[in-house]
Amino acid sequence: MTRDEYNIFCASLPATTHVVQWGGADVWKIGGKVFAIAGWSKSRQPAYSFKVSEQNYHFLKDEPGYRPAPYLASRGFKWIQKYDNFSMNDEPLRYYLTQSHYLVSLGLTKKKQKELGLNQD
């Protein structure tokens, strides 16, 4: 997934906003809370960070091409970074970005969720 494809995908998720910060990172938020960050790895390849469940954190942290997200994971947050983009299959990344969006939306107040039209059953 290229950075442009990442930005198009994140923009397609409900109630998202985009800012460029932290040295040129594409940061996507929902209700003012970060759910995805795209920057560059040491090899100058795109690197994508996202929030995950506890179970997915333990599954992904040792998988090839994934690692605990720098800065965030070291502070106890369950964030993973995908830094190896040699795979032609972007479906897993789309899944994890969608899940990150959902997990972060659950942390918003009920009032904010309703205001944004999220998680209304």
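These numbers were taken from a predicted model, which means no experiment stands behind them. Side chains are part of it too, since the values below use all heavy atoms of this structure and drop only hydrogens, waters and symmetry mates.
Residues Phe59 and Leu72 do not share a hydrophobic cluster, clusters being chains of Ile/Leu/Val/Met/Phe/Trp/Tyr side chains in contact below 4.5 Å. The hydrophobic cluster containing Val19 also contains Tyr71, counting ILVMFWY residues as joined when their side-chain heavy atoms lie under 4.5 angstrom apart, directly or transitively. Under a hydrophobic clustering in which Ile, Leu, Val, Met, Phe, Trp and Tyr are joined whenever their side-chain heavy atoms come within less than 4.5 Å, directly or via other members, Leu60 and Tyr57 fall into the same cluster.
Ring-plane geometry between Phe50 and Tyr96 is classed as parallel, the angle between the planes falling under 30 degrees on a 0 to 90 degree scale with a further cut at 60.
In terms of heavy-atom proximity, Pro14 sits nearest to Leu118 at CB-CD2, 3.9 Å. When every heavy atom of Lys61 is checked against every heavy atom of His58, the shortest pair comes out as CE-ND1, 3.6 Å. Taking every heavy atom of both residues into account, Glu5 and Thr2 meet most closely at OE1-N, 2.8 Å. Between Val104 and Phe35, the shortest heavy-atom contact is CG2-CB, 3.7 Å. Considering every non-hydrogen atom in both Leu116 and Leu108, the closest pair reads CD1-CD1, 4.0 Å. Nearest heavy atoms, Tyr48 versus Arg3: OH-N, 3.4 Å.
Although no hydrogens or angles enter the test, the distance criterion places a donor-acceptor pair under 3.5 Å between the side chain of Gln113 and the main chain of Ser105. Distance alone, capped at 3.5 Å, places no donor-acceptor pair between the Asp26 side chain and the Ala38 backbone. Put simply, the side chain of Ser100 never gets that close to the backbone of Ala36: no donor and acceptor are under 3.5 Å apart.
How far NZ of Lys51 is from NE2 of His101: 13.0 Å, rounded to the nearest 0.5 Å. Rounding to the nearest 0.5 angstrom, the gap separating the CG atom in Asn119 from the NZ atom in Lys112 is 13.5 Å. Once rounded to the nearest 0.5 Å, the distance linking OG1 of Thr17 with NZ of Lys33 reads 12.5 Å. With values rounded to the nearest 0.5 angstrom, Asn56 atom CG is found 8.5 Å from Ile80 atom CD1.
Counting heavy atoms of neighbouring residues, nucleotides and ligands inside a 6.0 Å radius, atom CD of Gln55 does not exceed 12 of them. Atom CZ of Phe9 sits in a crowded spot, with more than 12 heavy atoms from other residues, nucleotides or ligands closer than 6.0 Å.
Side chains of Trp28 and Leu97 form no contact here, defined as non-hydrogen atoms less than 4.5 Å apart. Contact check for Cys10 versus Thr16: no side-chain heavy atoms found under the 4.5 Å cut-off.
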